[in-house]
Number of protein chains: 2
Amino acid sequence: MASIKDVAAEAGVSAATVSRVLNDHPSVSADARARVLAAVETLGYRPNAVARSLRTDQTHTLGLVISDVLNPYFTELARSVEEEARALGYSVIIGNADERPDLQDHHVRNLLDRRIDGLLVSPTDGGSPLMLDAVRAGTPMVFVDRWIPGVDVPVVRADGRAAVRDLVAHLRGLGHRRLAIIAGPAATTTGRERVDAFRAALGAHGLELPDAYVGQGDFQAESGRRVTEGLLDLPEPPEVVFAADNLMALGALDAVRARGLRVPEDIALAAFDDIRWFVHTDPPITAIAQPTGELGRAAVRALVARIEGRPGESVTLSARLVVRRSCGEPPSALPPLSPVPRSKP
Amino acid sequence: MASIKDVAAEAGVSAATVSRVLNDHPSVSADARARVLAAVETLGYRPNAVARSLRTDQTHTLGLVISDVLNPYFTELARSVEEEARALGYSVIIGNADERPDLQDHHVRNLLDRRIDGLLVSPTDGGSPLMLDAVRAGTPMVFVDRWIPGVDVPVVRADGRAAVRDLVAHLRGLGHRRLAIIAGPAATTTGRERVDAFRAALGAHGLELPDAYVGQGDFQAESGRRVTEGLLDLPEPPEVVFAADNLMALGALDAVRARGLRVPEDIALAAFDDIRWFVHTDPPITAIAQPTGELGRAAVRALVARIEGRPGESVTLSARLVVRRSCGEPPSALPPLSPVPRSKP
DNA sequence: CTGAAAGCGCTTACAG
DNA sequence: CTGAAAGCGCTTACAG
């Protein structure tokens, strides 16, 4: 590939002048500028970003470590992150941790070695020494969705407590009493919070959340299937299963279907995180929707602010309940006469 | 951050020796090695990959430009690509083109500027000058899923012709005669091939594919909705809609549902690309499944071979039909007595 | 086995 | 406005 020297030679100027033209430095004569631009054109020259980064100590790159690319929630998050970053002049390199702390560490290390300008993380665990060291060393960082308590890093997330309360109220209105949850890993904030929120909401209705009704999942589909089987095997199975993310809801659906059971007649199902397919599942699934795109954008803005030396604050948005049919028909609703009844607001 | 000089000073050796230790060069005394390793440890030193890349002219990085991250097919592809690349000692940087040629070009340019060692592309169009130039300039490249005819680059993809023939035979067996397709962009190979395969398979059954039954989509959900509405508005609507990818099938489902129609009673639906949710949609959707993970791995192997100076050949795997209920019940099947009939092989 | 030196492709104070 | 020079953090032939 042509280097800056080739361009300089072709244009009859020094490399310094070429560099100035390329970086829009004001003090370059119109003539020199024109000759450089022409040389760039004829040689098809493109500056070497590696060399530029080494020299300037900036990569204009953000690292994003997500918990699981196969989870549509994180895919959507990644997309909005890339979009906002691009708008602000940054590229993003995505690392997929697959819910595995060791893989997460692999990616954090890789990203740090590449000297990314800042790191966006949705931690799969309580924080490895590596990540904690990076924070201490002053790497600009922002947590998104999940975070690590006690670490001084801005957090951009959605608070689902109100939505979980709405969900429990909905469930109680439908007459359900035995409510179970498929939890995410206790090492994650979202894994803990969703259980806590659920338990608190049940408490407000005078209901308990027995240990047997808290299944331990890992946010991936297979665990949802396994936990649901255990729940169905209980002497007194729950009437409702609330999956703490969409993939575990998928697994739950697999388990229910494998037994020849029906939702919601035999068991009701709800999920945290809404995805487009939930409208078309059998039955459509009641879910808690996060403002995913806005979370991604806010996280990027906070991180870029930190990188550029501005404050960069935490942001908490709220999630909302989307009622569909997987928990049962509202008692007031008569059997629909037309195939698609419209619910009036 | 500590640099190689700091380590050298701490260990009482030269930077050259530190470098040799870090790169497992044989000619280093055990004593020097131990001192260097100790210094690396105490300083928490990590080599600067940017500097290393500049010097060695290798980034150990692969670029992957996919058409749409929100499409589960590409997400799965990206995951397998990263996995295989990691196993071979490479990282991957993903660029999401969102089915837009301009965005695709943006990412190709960005990746090239970063001097990635090789490029994996699933082109959204017939190839921009930029991409063609890159090939001409000798950038190691491999096309995956979609490709650009006439360009000398290995192609790793699945051939869906046989599966499409199986689909048409299945449809004919169910008695359907008026079959329509929601096509992908004509600028993509998969956009064209799936229509061609469908038309050829219909021809083998003495059926035509009228222009009115070929809806022009762009592989994204919204286009599937729009095209399906047009199809339903026809004086003689089709009995079956075959969506050329899973997102357009989602859009088709939206359109059908919005009219209060049912699948397969009012209109049958099938899709290219199988995803896990298709088992749980209402009804479960008949789809053509690609060996996605294997495609990703084979593509990486071919690309790395090219990078390392070995041949690196094209690979064509085959797709297969997965029959579910969205095209109607097979005439032989009586209404199931138990909720989940098991089909015996 | 080891170090001094050159150089990868840039950018940027410095001097003119 | 312009260029020579230094230097970012590495690696690697070369000489010893």
Side-chain angles (χ1 to χ4, degrees), chain A residues 1-40 43-61 89 109-117 137, chain B residues 1-40 43-61 89 109-117 137:
Chain A
M1 292 216 69
S3 83
I4 197 169
K5 283 186 194 168
D6 301 317
V7 177
E10 172 82 16
V13 298
S14 71
T17 296
V18 175
S19 176
R20 289 194 189 97
V21 171
L22 264 20
N23 294 291
D24 282 319
H25 188 100
S27 54
V28 182
S29 68
D31 175 57
R33 180 179 309 278
R35 295 221 306 284
V36 167
L37 261 17
V40 164
L43 296 177
Y45 171 73
R46 292 250 87 212
N48 182 328
V50 174
R52 178 178 281 176
S53 291
L54 177 60
R55 180 55 228 237
T56 61
D57 203 30
Q58 289 187 117
T59 51
H60 278 283
T61 303
R109 188 174 296 112
N110 180 251
L111 261 5
L112 257 19
D113 286 355
R114 288 166 179 275
R115 302 301 192 264
I116 43 111
D117 293 341
Chain B
M1 292 215 71
S3 82
I4 198 170
K5 283 186 195 167
D6 301 316
V7 177
E10 172 82 17
V13 297
S14 72
T17 296
V18 175
S19 176
R20 289 195 187 96
V21 171
L22 264 21
N23 293 291
D24 283 317
H25 187 100
S27 55
V28 182
S29 67
D31 175 57
R33 180 179 309 276
R35 296 218 309 282
V36 167
L37 260 18
V40 164
L43 296 178
Y45 171 73
R46 291 253 86 211
N48 183 328
V50 175
R52 178 177 282 176
S53 290
L54 179 60
R55 180 53 229 238
T56 61
D57 202 30
Q58 291 186 118
T59 51
H60 278 283
T61 303
R109 188 175 295 112
N110 180 252
L111 261 4
L112 257 18
D113 286 355
R114 288 165 180 273
R115 302 299 192 265
I116 42 112
D117 293 340

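Computed from a predicted structure; not experimentally measured. Lettering of chains follows the sequences in order, A, B, ..., and the numbering in each one begins at 1.
Between the CG atom of B:Asp24 and the P atom of D:dC10 there is a distance of 16 Å, given to the nearest Å. The nearest whole Å value for the distance from the CZ atom in B:Arg20 to the P atom in C:dT2 is 8 Å. The distance between atom CG of A:Asp31 and atom C1' of D:dC1, rounded to the nearest whole Å, is 11 Å. One can place CG of A:Asn48 at 13 Å from C1' of D:dC8, the figure rounded to the nearest angstrom. The distance between atom CG of B:Leu43 and atom P of D:dG9, rounded to the nearest whole Å, is 14 Å. We find that CG of A:Leu22 is positioned 12 Å from C1' of C:dG9, with the value rounded to whole Å. We find that NE2 of A:His25 is positioned 9 Å from C1' of C:dT12, with the value rounded to whole Å.
Between the side chain of A:Asn23 and the backbone N or O of A:His25 there is no donor-acceptor pair closer than 3.5 Å.
Stem analysis of DNA chain D (at least three stacked-register Watson-Crick or G-U pairs, each with both distances under 3.5 Å) gives C:1-3 with D:14-16, C:5-12 with D:5-12, C:14-16 with D:1-3.
At a threshold of 4.0 angstrom between heavy atoms, the contacts of A:Ser3 are confined to the sugar-phosphate backbone, with no base atom among them. As judged by a 4.0 angstrom heavy-atom cut-off over every strand, B:Asn23 is placed among residues touching the sugar-phosphate backbone only. Backbone-only contact: B:Ser29 has heavy atoms under 4.0 Å from sugar-phosphate atoms and none from a base.
Applying the 4.0 Å criterion to OP1 and OP2 of C:dA4, one finds that B:Ser14 has every side-chain N and O outside that range.
For residues 4-13 of chain B, proximity to DNA chain D is found at B:Ile4, B:Lys5, defined as any non-hydrogen atom under 4.0 angstrom from a strand atom.
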Applying side-chain contact (heavy atoms from CB on, under 4.5 Å), run through B:Arg114 and B:Thr61 and close with a yes or a no.
CA-CA 9 Å; B:Arg114 288 165 180 273; B:Thr61 303; over 6 Å; no
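Looking at the side chain of B:Leu54, the nearest of the listed nucleotides D:dG9, D:dG3, C:dT2 is D:dG9.
In this model, no side-chain donor or acceptor of A:Arg55 finds a partner on the base of D:dG9 within 3.5 Å.
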Using distance only, find each side-chain donor-acceptor pair of residues 1-10 of chain B under 3.5 Å and give its atom names and separation, not counting sequence neighbours.
residue : atom : partner : partner atom : Å
B:Ser3  : OG   : B:Lys5  : N            : 3.1
B:Asp6  : OD2  : B:Ser3  : N            : 2.6

